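Since the model is a prediction, treat every value here as computed from it, not as a measurement. Letters go in sequence order (proteins before strands), and every chain restarts at 1.
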Amino acid sequence: MSGNENDRDMVDRCRQGNDEAWRELVDRFSQRVYSVAYHFTLKREDAEELSQEIFLKIFENLHRYDGGFPLIAWIASLSRNLCIDRYRRSKREKSFRFVSDDAVAPMLTSSDDPAADAIRRERTKMLFAALSEIPEDLAEILVLRDLDGLAYEEIGRALELPDGTVKSRLFRARAEVAKKIRERHESRGPGAFASVAIAAGAFV
Amino acid sequence: MSCQELERLFVAGASDLQGRKHAESCPACAAADRDQQSVRRLVAVLRPPVGTPALREALLAVPARTVDCENASLLIAAAMDEEIEAANRQRLAFHLFRCSGCALASGTLGITRELAPPQPAPWLAGRLAASARPAAKAVPRVGWRWLLNPKSAIAFAYAAALIVMLAGFNPADLARKARTEIPMEARSVAGAASVTLADRVGAFGEKALRTGMVFKSRVFGYGRAAISNAVQLVLKSDPPPARNRPSSGQERSAPFKNETDLTVASWKKDLALQENA
């Protein structure tokens, strides 16, 4: 049985009220959905609320999945609209997005070297601050590809874009993020993020 | 002047080595390549955030909180007849709050219960009452009610009187007999008949013969009377003979001619008598 057929079988069992099938679906995709939600919200409470909303949407729309493509692409497609909506709303409320230490902490592993940890934390904060400043259509692809690890085909199905467009946007998204980080560093003066920039080793 | 070659190679799926080789000979693409690699290094150190066990429990409970759109249709139909469990009612309410399509369907179906009856035109009530009045007066058929009908009562009375008369009980005779004593002949017959059984049988036969003759004469008498009445009734009910009025185009001289002749004849006769005198 192929992957898509497995997905279809699991979805059918979920529709029939099989709790085991639903548990299997949650365990397979909840981590990825939560990760996407967190990368767009950068708040644990918001990400959990958004994850529940996404899974409610998944359950209510199970009959729409026809097994023609991977389930993850379908779930990413459902997740995307909710995440982008939330992301745009938060951007409207705050023109500048402040990224706190707590916001990036769940994405970082601690080491024995506090200085290195601090540098990684600052770099991550800079990355998400820059992401919030680039257009959403670019930012979402960078998040889905580089942060959440979706394949180009899955992103293309989720966003209804051809692979070439996905790659092109990803290339430009990276370039835009690098540009924003450089601009922010230059506007604050060479001393402000010197250590961070030196640690990053690219933007100065 | 920017070079798009690095982006073109990336979109085409070229390897990093091919891109780097181009970047070595192109300063614009070298900066772009540095940016690409820097961002990739930035995100490479990040690990995916992990959800809490409470979140997993909440996600596992999703089927108990809501229903999919297909089952929502079934629950909406069941809810119309109040045949829905409390748990399903909550799931449906939660789903309707979130799904505009199902909420519209449910609301549209619910309208059928809320529709007010259409108001008739003001004149319709009076017209309907007028048309329904004879029907309202109609009394359900009961077996004995026909006796209350005047026609039936009269017919019944006539029939009863006829039976009484045919049986020999003439009310006038009864009244007469009540005022007079029993004749002597009858007494003697009764007395003689009571002597022996044979006499009794003979007396009974004679009495029966007489009664039969009386009954026969009465039947014929009543029959004749009825026939004569019927004939009279039929004759009376005949329409009057049409008067033979001549139409405007017909010759009207003939009847007058005879009359004129009679008049002339009577004059001549009178003249003859005067001359003779």
Side-chain angles (χ1 to χ4, degrees), chain A residues 14-15 17 19 22-23 26-27 30-35 37-39 44 47-48 51-53 55-64 104 106-109 120 123-124 126-127 130 142 146-149 163-168 170-175 177-179 181-182 200-203, chain B residues 2 4-14 19 28-29 31-73 88 91-92 94-102:
Chain A
C14 287
R15 290 176 60 194
D19 290 340
W22 180 252
R23 184 174 288 111
V26 168
D27 288 341
S30 63
Q31 176 56 45
R32 192 168 277 191
V33 167
Y34 177 75
S35 179
Y38 192 90
H39 288 145
R44 187 176 63 83
E48 288 187 352
S51 297
Q52 290 189 47
E53 181 63 30
F55 270 86
L56 284 168
K57 207 90 172 171
I58 289 170
F59 183 78
E60 288 173 341
N61 291 279
L62 282 175
H63 61 284
R64 296 185 195 277
V104 297
M107 292 179 280
L108 296 170
T109 51
R120 274 201 299 274
R123 289 169 64 185
T124 307
M126 286 166 62
L127 170 70
L142 193 148
D146 287 343
L147 293 173
D148 297 317
D163 284 1
T165 306
V166 172
K167 288 179 182 176
S168 174
L170 178 64
F171 187 90
R172 282 190 281 134
R174 287 172 180 164
V177 166
K179 184 181 167 190
I181 291 174
R182 222 175 10 250
F203 299 109
Chain B
S2 62
Q4 305 290 326
E5 180 61 15
L6 189 67
E7 182 179 351
R8 193 194 65 76
L9 287 171
F10 178 77
V11 171
C29 286
D33 186 50
R34 275 200 302 276
D35 286 349
Q36 295 289 320
Q37 299 304 326
S38 299
V39 174
R40 288 172 69 175
R41 278 202 299 274
L42 272 175
V43 299
V45 297
L46 300 178
R47 63 169 188 172
V50 180
T52 60
L55 174 64
R56 182 175 180 272
E57 291 303 315
L59 297 183
L60 290 177
V62 161
R65 292 177 61 192
T66 186
V67 291
D68 59 286
C69 292
E70 282 186 342
N71 283 320
S73 301
N88 282 338
R91 292 170 73 204
L92 178 62
F94 185 80
H95 178 75
L96 294 182
F97 180 73
R98 298 164 39 77
C99 178
S100 59
C102 290

Which pair of non-hydrogen atoms, one from [X] and one from [Y], has the smallest distance, and what is that distance?
X: B:Arg98; Y: A:Lys57; value: NH2-N, 3.6 Å
X: B:Leu55; Y: A:Gln52; value: CD1-CG, 4.0 Å
X: B:Gly51; Y: A:Gln31; value: N-OE1, 3.7 Å
X: B:Arg47; Y: A:Thr109; value: CD-CG2, 3.6 Å
X: A:Phe59; Y: B:Thr66; value: CE2-O, 3.5 Å
X: A:Lys167; Y: B:Gly13; value: NZ-CA, 4.0 Å

Review point. Which bit of B:Val67 is near chain A, if near means a heavy-atom gap under 4.5 Å: side chain, backbone, both or neither?
Key: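 It is the backbone, since no side chain atom gets that close.
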
Chain B contact via [X] - which portion, at a heavy-atom distance below 4.5 Å:
X: A:Arg120; value: side chain
X: A:Arg44; value: side chain
X: A:Leu108; value: both
X: A:Asp27; value: side chain

Check your understanding: Does B:Gln36 reach the main-chain N or O of A:Phe171 with its side chain, forming a donor-acceptor pair under 3.5 Å?
Key ->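 Yes: the side chain of B:Gln36 pairs with the backbone of A:Phe171.
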
Review point. B:Glu70 side chain to A:Glu60 main-chain N or O, any donor-acceptor pair under 3.5 Å?
Key: no

**Study point:** Min side-chain heavy-atom separation A:His63-B:Cys69 under 4.5 Å
**Key:**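 Result yes, sub-4.5 Å side-chain heavy-atom pair found.
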
Review point. Would you say the side chain of A:Arg32 lies within less than 4.5 Å of the side chain of B:Pro48, judging by non-hydrogen atoms?
Key: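 No. Closest side-chain heavy atoms not under 4.5 Å.
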
Check your understanding: Based on non-hydrogen pairs under 4.5 Å, which of B:Leu59, B:Val43, B:Thr52 is most in contact with chain A?
Key -> B:Leu59

Nearest-0.5 Å distance that lies between atom [atom1] in [X] and atom [atom2] in [Y]:
X: B:Arg40; Y: A:Leu142; atom1: CZ; atom2: CG; value: 11.0 Å
X: B:Leu46; Y: A:Thr124; atom1: CG; atom2: OG1; value: 4.5 Å
X: A:Glu48; Y: B:Arg56; atom1: CD; atom2: CZ; value: 14.0 Å

Practice item. Apply side chain to side chain contact (heavy atoms under 4.5 Å, CB included) to the pair B:Asp35 and A:Arg182, showing each step before the final yes or no. Key: CA-CA 10 Å; B:Asp35 286 349; A:Arg182 222 175 10 250; 2.8 Å; yes

**Study point:** Selection from A:Asp19, A:Val26, A:Leu127, A:Val104 maximising heavy-atom pairs under 4.5 Å formed with chain B
**Key:**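 The residue among A:Asp19, A:Val26, A:Leu127, A:Val104 with the greatest pair count is A:Val26.
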
Exercise for review: Considering only heavy atoms and a distance below 4.5 Å, find which of A:Gly164, A:Ser168, A:Ala175 pairs most often with chain B.
Suggested key: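 Maximum pair count with chain B is reached by A:Ser168.
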
Check your understanding: What do the steps show when you test B:Arg65 against A:Leu56 for side chain to side chain contact (heavy atoms under 4.5 Å, CB included), and what is the final call?
Key -> CA-CA 8 Å; B:Arg65 292 177 61 192; A:Leu56 284 168; 4.1 Å; yes

Point to revise | All side-chain contact (heavy atoms from CB on, under 4.5 Å) counterparts of B:Arg8, not counting sequence neighbours | key: B:Glu5

